[in-house]
Amino acid sequence: MNLTRRELLSSLAAAAALPQALAATDRLRLAICNETFQGWTFAEMCQGARRLGYTGLEIAPFTLGDDAASLPAGKRRELRRTMASEGIAYVGLHAILTAPKGLHVTTPDAGVRQRSWEYVRKLVDLAADLGEGAIVVFGSGKQRSATGGASVAEATAHFQEGLARVAPAAQARGVIILIEALEPHLSDVVSTLDEAVAIVKQIGSPAIQTMFDTHNAVKESQPHGALIKKHARHIRHVHLNEMDGRHPGTGTYDFKSLLQALKEMSYRNWVSLEVFDFTAGPETIARESARLVRQWESELA
(Lines give C-alpha, C1' and ligand atoms only; values in the text may rest on other atoms or scores of the structure.)
Protein backbone atom coordinates (compact mmCIF):
# COMPACT_ATOMS: atom_id res chain seq x y z
CA MET A 1 0.00 0.00 0.00
CA ASN A 2 1.39 3.42 -0.96
CA LEU A 3 0.72 6.37 1.35
CA THR A 4 1.16 9.96 0.27
CA ARG A 5 4.10 11.75 1.87
CA ARG A 6 1.75 13.82 4.03
CA GLU A 7 -0.17 10.73 5.22
CA LEU A 8 3.03 8.87 6.00
CA LEU A 9 4.53 11.75 7.98
CA SER A 10 1.28 12.27 9.87
CA SER A 11 1.01 8.58 10.79
CA LEU A 12 4.64 8.34 11.87
CA ALA A 13 4.38 11.49 13.98
CA ALA A 14 1.26 10.24 15.76
CA ALA A 15 2.79 6.83 16.41
CA ALA A 16 6.04 8.31 17.70
CA ALA A 17 4.47 10.87 20.00
CA LEU A 18 2.58 8.41 22.18
CA PRO A 19 5.51 6.16 23.19
CA GLN A 20 7.61 9.24 23.95
CA ALA A 21 4.90 10.67 26.18
CA LEU A 22 4.48 7.35 27.94
CA ALA A 23 8.21 6.95 28.45
CA ALA A 24 8.23 10.30 30.23
CA THR A 25 5.76 9.00 32.82
CA ASP A 26 7.09 5.43 32.75
CA ARG A 27 3.54 4.08 32.56
CA LEU A 28 2.44 0.92 30.81
CA ARG A 29 1.42 1.28 27.19
CA LEU A 30 -2.25 0.37 27.49
CA ALA A 31 -4.21 -0.82 24.44
CA ILE A 32 -7.62 -2.37 23.86
CA CYS A 33 -8.91 -4.87 21.30
CA ASN A 34 -11.36 -3.20 18.94
CA GLU A 35 -14.06 -5.89 19.08
CA THR A 36 -14.80 -4.65 22.61
CA PHE A 37 -16.75 -1.88 20.87
CA GLN A 38 -19.17 -4.12 19.00
CA GLY A 39 -21.51 -2.25 16.67
CA TRP A 40 -19.42 0.93 16.67
CA THR A 41 -17.88 2.44 13.55
CA PHE A 42 -14.10 2.25 13.27
CA ALA A 43 -13.79 5.97 13.99
CA GLU A 44 -16.01 5.55 17.07
CA MET A 45 -13.81 2.67 18.24
CA CYS A 46 -10.73 4.89 18.02
CA GLN A 47 -12.48 7.78 19.77
CA GLY A 48 -13.87 5.52 22.50
CA ALA A 49 -10.57 3.82 23.17
CA ARG A 50 -8.79 7.16 23.56
CA ARG A 51 -11.57 8.69 25.67
CA LEU A 52 -11.76 5.70 28.02
CA GLY A 53 -8.08 5.55 28.89
CA TYR A 54 -6.19 3.73 26.13
CA THR A 55 -3.44 4.89 23.79
CA GLY A 56 -3.34 1.87 21.48
CA LEU A 57 -5.81 -0.13 19.38
CA GLU A 58 -5.45 -3.82 18.55
CA ILE A 59 -7.56 -4.95 15.61
CA ALA A 60 -9.37 -8.22 14.92
CA PRO A 61 -9.49 -8.64 11.11
CA PHE A 62 -13.01 -10.10 11.19
CA THR A 63 -14.28 -6.70 12.37
CA LEU A 64 -13.07 -5.26 9.05
CA GLY A 65 -14.96 -7.79 6.90
CA ASP A 66 -15.23 -11.47 6.07
CA ASP A 67 -11.98 -11.33 4.09
CA ALA A 68 -9.88 -8.57 5.62
CA ALA A 69 -6.79 -9.64 3.67
CA SER A 70 -8.54 -8.47 0.50
CA LEU A 71 -9.19 -4.93 1.73
CA PRO A 72 -8.23 -2.52 -1.06
CA ALA A 73 -5.33 -0.11 -0.64
CA GLY A 74 -7.66 2.87 -0.32
CA LYS A 75 -9.50 1.32 2.63
CA ARG A 76 -6.21 0.49 4.33
CA ARG A 77 -5.10 4.10 3.97
CA GLU A 78 -8.44 5.27 5.36
CA LEU A 79 -8.12 3.07 8.47
CA ARG A 80 -4.56 4.26 9.01
CA ARG A 81 -5.58 7.92 8.64
CA THR A 82 -8.48 7.44 11.06
CA MET A 83 -6.24 6.07 13.80
CA ALA A 84 -3.75 8.89 13.30
CA SER A 85 -6.42 11.60 13.26
CA GLU A 86 -8.08 10.25 16.41
CA GLY A 87 -4.76 10.15 18.28
CA ILE A 88 -4.72 6.40 18.84
CA ALA A 89 -1.64 4.28 18.15
CA TYR A 90 -1.96 1.15 16.04
CA VAL A 91 -0.80 -2.07 17.75
CA GLY A 92 -1.45 -4.88 15.27
CA LEU A 93 -3.79 -7.80 14.60
CA HIS A 94 -5.20 -10.69 16.62
CA ALA A 95 -7.91 -13.36 16.13
CA ILE A 96 -6.45 -13.60 12.67
CA LEU A 97 -8.18 -16.72 11.28
CA THR A 98 -11.68 -16.26 12.68
CA ALA A 99 -12.72 -15.43 9.11
CA PRO A 100 -13.00 -16.42 6.33
CA LYS A 101 -14.24 -19.97 6.86
CA GLY A 102 -12.34 -23.04 5.82
CA LEU A 103 -8.82 -22.12 6.95
CA HIS A 104 -6.66 -24.55 8.93
CA VAL A 105 -2.87 -24.32 9.25
CA THR A 106 -2.06 -27.79 10.62
CA THR A 107 -4.47 -30.05 8.72
CA PRO A 108 -3.02 -33.10 6.90
CA ASP A 109 -4.70 -31.71 3.76
CA ALA A 110 -1.71 -30.06 2.10
CA GLY A 111 -3.89 -27.92 -0.18
CA VAL A 112 -5.90 -26.42 2.67
CA ARG A 113 -2.75 -25.95 4.70
CA GLN A 114 -0.99 -24.11 1.88
CA ARG A 115 -4.00 -21.88 1.24
CA SER A 116 -4.26 -21.09 4.95
CA TRP A 117 -0.61 -20.12 5.32
CA GLU A 118 -0.86 -17.99 2.21
CA TYR A 119 -3.73 -16.18 3.90
CA VAL A 120 -1.54 -15.63 6.99
CA ARG A 121 1.09 -14.10 4.73
CA LYS A 122 -1.53 -11.75 3.27
CA LEU A 123 -2.53 -10.73 6.79
CA VAL A 124 1.11 -9.87 7.44
CA ASP A 125 0.82 -7.39 4.57
CA LEU A 126 -2.41 -6.00 6.01
CA ALA A 127 -0.78 -5.63 9.42
CA ALA A 128 2.13 -3.73 7.91
CA ASP A 129 -0.09 -1.54 5.74
CA LEU A 130 -2.13 -0.37 8.73
CA GLY A 131 0.90 0.99 10.59
CA GLU A 132 4.53 0.74 11.59
CA GLY A 133 5.85 -1.85 14.06
CA ALA A 134 2.81 -4.13 13.88
CA ILE A 135 2.40 -7.39 15.73
CA VAL A 136 0.26 -10.35 14.64
CA VAL A 137 -0.98 -12.43 17.57
CA PHE A 138 -1.39 -16.02 16.41
CA GLY A 139 -4.07 -17.58 18.59
CA SER A 140 -6.78 -19.06 16.34
CA GLY A 141 -7.14 -22.32 18.26
CA LYS A 142 -9.77 -23.88 16.01
CA GLN A 143 -7.61 -23.29 12.96
CA ARG A 144 -4.42 -24.77 14.40
CA SER A 145 -5.56 -27.74 16.56
CA ALA A 146 -4.81 -31.30 15.51
CA THR A 147 -7.42 -32.54 13.04
CA GLY A 148 -8.01 -35.05 10.26
CA GLY A 149 -6.34 -37.91 12.12
CA ALA A 150 -3.07 -36.05 12.73
CA SER A 151 -1.39 -36.37 16.11
CA VAL A 152 -0.68 -33.33 18.26
CA ALA A 153 3.01 -33.76 17.47
CA GLU A 154 2.30 -33.78 13.72
CA ALA A 155 0.05 -30.73 13.98
CA THR A 156 2.65 -28.89 16.04
CA ALA A 157 5.30 -29.69 13.43
CA HIS A 158 3.04 -28.28 10.69
CA PHE A 159 2.50 -25.17 12.81
CA GLN A 160 6.23 -24.63 13.26
CA GLU A 161 6.97 -25.30 9.59
CA GLY A 162 4.35 -22.79 8.48
CA LEU A 163 5.61 -20.10 10.83
CA ALA A 164 9.16 -20.65 9.60
CA ARG A 165 8.02 -20.24 5.98
CA VAL A 166 6.16 -16.98 6.61
CA ALA A 167 8.87 -15.52 8.86
CA PRO A 168 10.97 -13.96 6.03
CA ALA A 169 7.93 -12.13 4.64
CA ALA A 170 7.05 -10.85 8.11
CA GLN A 171 10.60 -9.69 8.75
CA ALA A 172 10.71 -7.92 5.40
CA ARG A 173 7.54 -5.98 6.29
CA GLY A 174 8.66 -5.15 9.84
CA VAL A 175 5.96 -7.36 11.40
CA ILE A 176 6.40 -9.67 14.39
CA ILE A 177 4.21 -12.79 14.58
CA LEU A 178 3.53 -13.83 18.17
CA ILE A 179 2.79 -17.44 19.09
CA GLU A 180 0.02 -17.37 21.69
CA ALA A 181 -0.15 -20.29 24.11
CA LEU A 182 -3.82 -21.29 24.41
CA GLU A 183 -5.65 -23.07 27.17
CA PRO A 184 -6.12 -26.78 26.35
CA HIS A 185 -9.86 -26.61 25.62
CA LEU A 186 -9.14 -24.03 22.90
CA SER A 187 -6.25 -25.85 21.24
CA ASP A 188 -4.02 -28.87 21.77
CA VAL A 189 -1.18 -27.21 19.83
CA VAL A 190 0.99 -25.06 22.15
CA SER A 191 -0.67 -24.80 25.55
CA THR A 192 2.16 -23.28 27.60
CA LEU A 193 4.58 -20.43 27.29
CA ASP A 194 7.49 -22.90 27.51
CA GLU A 195 6.15 -24.68 24.41
CA ALA A 196 5.74 -21.41 22.55
CA VAL A 197 9.28 -20.28 23.36
CA ALA A 198 10.68 -23.65 22.29
CA ILE A 199 9.21 -23.07 18.81
CA VAL A 200 10.51 -19.50 18.76
CA LYS A 201 14.01 -20.76 19.48
CA GLN A 202 13.77 -23.53 16.89
CA ILE A 203 12.75 -21.09 14.16
CA GLY A 204 15.36 -18.55 15.19
CA SER A 205 13.83 -15.55 13.42
CA PRO A 206 13.34 -12.11 15.01
CA ALA A 207 9.96 -12.04 13.26
CA ILE A 208 8.64 -14.98 15.32
CA GLN A 209 8.27 -14.32 19.05
CA THR A 210 5.65 -14.93 21.75
CA MET A 211 3.29 -13.18 24.16
CA PHE A 212 1.46 -13.80 27.43
CA ASP A 213 -2.32 -13.93 27.90
CA THR A 214 -3.70 -14.22 31.45
CA HIS A 215 -6.87 -15.93 30.19
CA ASN A 216 -4.86 -18.69 28.54
CA ALA A 217 -2.53 -19.44 31.45
CA VAL A 218 -4.60 -22.31 32.87
CA LYS A 219 -1.97 -24.97 32.18
CA GLU A 220 0.99 -22.97 33.50
CA SER A 221 2.53 -24.57 36.59
CA GLN A 222 4.87 -21.69 37.48
CA PRO A 223 3.85 -18.39 39.10
CA HIS A 224 3.00 -16.10 36.19
CA GLY A 225 5.34 -13.33 37.25
CA ALA A 226 8.28 -15.73 37.40
CA LEU A 227 7.24 -17.29 34.10
CA ILE A 228 7.23 -14.06 32.12
CA LYS A 229 10.53 -13.01 33.66
CA LYS A 230 11.98 -16.34 32.56
CA HIS A 231 10.97 -15.66 28.96
CA ALA A 232 11.25 -11.87 29.01
CA ARG A 233 13.47 -11.64 25.92
CA HIS A 234 10.80 -13.31 23.76
CA ILE A 235 7.61 -11.70 25.14
CA ARG A 236 6.49 -8.86 22.89
CA HIS A 237 2.88 -8.42 24.02
CA VAL A 238 0.53 -9.07 26.96
CA HIS A 239 -3.24 -9.62 27.00
CA LEU A 240 -5.18 -8.83 30.17
CA ASN A 241 -8.45 -10.53 31.09
CA GLU A 242 -9.84 -12.66 33.88
CA MET A 243 -9.29 -16.38 33.44
CA ASP A 244 -12.98 -16.81 32.64
CA GLY A 245 -12.76 -14.20 29.87
CA ARG A 246 -14.38 -11.28 31.70
CA HIS A 247 -12.69 -7.92 32.20
CA PRO A 248 -10.20 -7.26 35.03
CA GLY A 249 -11.70 -6.75 38.47
CA THR A 250 -14.67 -9.09 37.95
CA GLY A 251 -12.74 -12.19 39.06
CA THR A 252 -9.82 -13.19 41.26
CA TYR A 253 -6.77 -13.02 38.98
CA ASP A 254 -3.77 -11.37 40.65
CA PHE A 255 -3.09 -8.66 38.07
CA LYS A 256 -1.01 -6.60 40.47
CA SER A 257 1.63 -9.34 40.78
CA LEU A 258 1.76 -9.65 37.00
CA LEU A 259 2.18 -5.89 36.58
CA GLN A 260 4.90 -5.92 39.24
CA ALA A 261 6.81 -8.51 37.21
CA LEU A 262 6.42 -6.42 34.05
CA LYS A 263 7.82 -3.42 35.90
CA GLU A 264 10.77 -5.39 37.22
CA MET A 265 11.64 -6.68 33.75
CA SER A 266 11.41 -3.13 32.34
CA TYR A 267 8.70 -4.18 29.91
CA ARG A 268 8.07 -1.50 27.28
CA ASN A 269 5.71 -3.17 24.82
CA TRP A 270 1.90 -3.07 24.78
CA VAL A 271 -0.43 -4.38 27.47
CA SER A 272 -3.79 -4.91 25.81
CA LEU A 273 -7.28 -5.56 27.16
CA GLU A 274 -8.93 -8.53 25.44
CA VAL A 275 -12.24 -9.76 26.84
CA PHE A 276 -14.69 -12.42 25.70
CA ASP A 277 -17.70 -11.55 27.86
CA PHE A 278 -19.24 -8.28 26.67
CA THR A 279 -22.29 -8.36 28.97
CA ALA A 280 -21.25 -5.26 30.93
CA GLY A 281 -21.10 -3.18 27.75
CA PRO A 282 -18.10 -1.56 26.06
CA GLU A 283 -18.09 1.68 28.06
CA THR A 284 -18.05 -0.09 31.45
CA ILE A 285 -15.61 -2.78 30.35
CA ALA A 286 -13.12 -0.30 28.93
CA ARG A 287 -13.41 2.38 31.61
CA GLU A 288 -13.29 0.07 34.63
CA SER A 289 -10.42 -2.00 33.24
CA ALA A 290 -8.28 1.06 32.48
CA ARG A 291 -9.04 2.55 35.90
CA LEU A 292 -8.04 -0.63 37.72
CA VAL A 293 -4.88 -1.19 35.70
CA ARG A 294 -3.73 2.36 36.44
CA GLN A 295 -4.66 1.97 40.11
CA TRP A 296 -2.71 -1.28 40.43
CA GLU A 297 0.17 0.25 38.55
CA SER A 298 0.31 3.17 40.98
CA GLU A 299 0.56 0.73 43.91
CA LEU A 300 3.57 -1.19 42.57
CA ALA A 301 6.78 -1.26 44.54
Side-chain angles (χ1 to χ4, degrees), residues 26-33 56 58 91-92 94-95 135-141 144-145 152-153 156 159-160 163 176-276 289 292-297 299-301:
D26 202 31
R27 296 207 305 173
L28 290 169
R29 303 175 68 192
L30 189 58
I32 188 168
C33 296
E58 187 174 339
V91 176
H94 74 288
I135 61 168
V136 171
V137 177
F138 206 131
S140 301
R144 82 185 203 204
S145 296
V152 172
T156 304
F159 189 48
Q160 180 173 320
L163 288 168
I176 300 178
I177 299 174
L178 306 179
I179 304 171
E180 181 178 19
L182 297 174
E183 55 181 310
H185 87 272
L186 295 176
S187 180
D188 51 11
V189 173
V190 188
S191 298
T192 68
L193 190 56
D194 283 349
E195 293 170 359
V197 172
I199 293 177
V200 169
K201 291 180 177 178
Q202 283 290 323
I203 294 174
S205 167
I208 307 296
Q209 299 296 323
T210 190
M211 52 86 67
F212 183 77
D213 186 312
T214 54
H215 169 67
N216 287 316
V218 173
K219 198 176 176 182
E220 302 293 359
S221 59
Q222 303 172 61
H224 296 173
L227 182 66
I228 62 173
K229 286 182 180 179
K230 173 184 174 183
H231 296 304
R233 63 175 294 195
H234 296 295
I235 293 176
R236 297 291 187 273
H237 195 59
V238 173
H239 276 162
L240 298 182
N241 37 44
E242 293 286 353
M243 296 187 83
D244 62 2
R246 293 180 297 164
H247 61 283
T250 57
T252 59
Y253 189 86
D254 185 5
F255 290 99
K256 190 172 176 181
S257 293
L258 180 73
L259 298 180
Q260 182 68 49
L262 292 175
K263 180 179 180 179
E264 292 173 2
M265 59 192 264
S266 299
Y267 181 80
R268 291 293 181 270
N269 295 307
W270 289 102
V271 173
S272 190
L273 177 70
E274 181 191 38
V275 302
F276 301 96
S289 298
L292 283 171
V293 169
R294 294 308 185 195
Q295 176 185 316
W296 293 323
E297 188 178 18
E299 296 170 352
L300 299 179

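Just the heavy atoms: all of them, side chains too, but no hydrogens, waters or symmetry mates, feed the values below.
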Lys263/Asp26 ion pair, N-O < 4.0 Å: no
Shortest non-hydrogen separation from Arg246 to Gly251 and the atoms involved: NH2-CA, 3.9 Å
Any donor-acceptor N or O pair under 3.5 Å, side chains Ser272, Glu58: yes
Test applied, side chain to side chain contact (heavy atoms under 4.5 Å, CB included); reference residue, Ile32; option that passes from Val91, Leu273, Leu240: Leu273
Heavy-atom closest contact (Ser187 atom, Leu182 atom, distance): CB-CD1, 3.8 Å
pair Thr214-Phe255: side-chain heavy atoms closer than 4.5 Å: yes
Heavy-atom closest contact (Gly225 atom, Ala261 atom, distance): CA-CB, 3.6 Å
ring-ring contact (aromatic ring centres under 6.0 Å, His included) contacts touching residues 189-221 (sequence neighbours left out): Phe212-His224, His215-Phe276
Gap separating the NZ atom of Lys229 from the CD1 atom of Ile235, nearest 0.5 angstrom: 12.0 Å
Distance in Å, Ile228 CD1 paired with Glu264 CD, rounded so as to fall on 0.5 Å steps: 9.5 Å
Side chain to side chain contact (heavy atoms under 4.5 Å, CB included) assessment of Leu262 paired with Val271: CA-CA 10 Å; Leu262 292 175; Val271 173; 4.0 Å; yes
Results of side-chain hydrogen bond (donor to acceptor under 3.5 Å, both in side chains) for Gln209 - residues two or more places apart only: His234
Derivation and outcome, side chain to side chain contact (heavy atoms under 4.5 Å, CB included), residues Glu220 and Leu193: CA-CA 8 Å; Glu220 302 293 359; Leu193 190 56; 3.5 Å; yes
Residues which pass ring-ring contact (aromatic ring centres under 6.0 Å, His included) with His247, listed by chain and number, not counting sequence neighbours: none
Side chain to side chain, Gln160 and Thr156, heavy atoms closer than 4.5 Å: no
Test log, rule side chain to side chain contact (heavy atoms under 4.5 Å, CB included), inputs Leu300 and Leu259: CA-CA 8 Å; Leu300 299 179; Leu259 298 180; 4.0 Å; yes
Spacing of CD1 belonging to Ile179 relative to CG belonging to Leu163, to within rounding of 0.5 Å: 5.0 Å
Interatomic distance, Asp194 atom CG to Ile199 atom CD1 [nearest 0.5 angstrom]: 12.0 Å
Residues forming a side-chain hydrogen bond (donor to acceptor under 3.5 Å, both in side chains) with Glu242, sequence neighbours excluded: none
Side chains of Val218 and Asn216 in contact at under 4.5 Å (non-hydrogen atoms): no
Value rounded to 0.5 Å, distance of CH2 in Trp296 from CG in Leu28: 12.0 Å
Results of salt bridge (Lys or Arg N to Asp or Glu O under 4.0 Å) for Glu195 - residues two or more places apart only: none
By salt bridge (Lys or Arg N to Asp or Glu O under 4.0 Å) - contacts of Arg236 (at least two apart): none
Within residues 187-211 or reaching into it, pairs that qualify as ring-ring contact (aromatic ring centres under 6.0 Å, His included) - sequence neighbours excluded: none
Test log, rule side chain to side chain contact (heavy atoms under 4.5 Å, CB included), inputs Arg29 and Arg268: CA-CA 7 Å; Arg29 303 175 68 192; Arg268 291 293 181 270; 5.6 Å; no
Charged N-O contact under 4.0 Å between Asp188 and Arg144: no
Pairs satisfying salt bridge (Lys or Arg N to Asp or Glu O under 4.0 Å), at least one member in residues 200-212, at least two apart: none
Listed partners of Lys219 passing side-chain hydrogen bond (donor to acceptor under 3.5 Å, both in side chains), at least two apart: none
Which residues share a ring-ring contact (aromatic ring centres under 6.0 Å, His included) with Phe159, sequence neighbours left out: Phe138
From CA spacing to verdict: side-chain hydrogen bond (donor to acceptor under 3.5 Å, both in side chains), His237, Asp213: CA-CA 9 Å; His237 195 59; Asp213 186 312; over 6 Å; no
Residues in salt bridge (Lys or Arg N to Asp or Glu O under 4.0 Å) contact with Lys256, at least two apart in sequence or another chain: Glu299
Residue pair Leu30 / Trp270, side-chain heavy-atom distance below 4.5 Å: no
Interatomic spacing from SG in Cys33 to NE2 in His239 - rounded to 0.5 Å: 4.0 Å
Contacts of Thr210 that satisfy side-chain hydrogen bond (donor to acceptor under 3.5 Å, both in side chains) - sequence neighbours left out: none
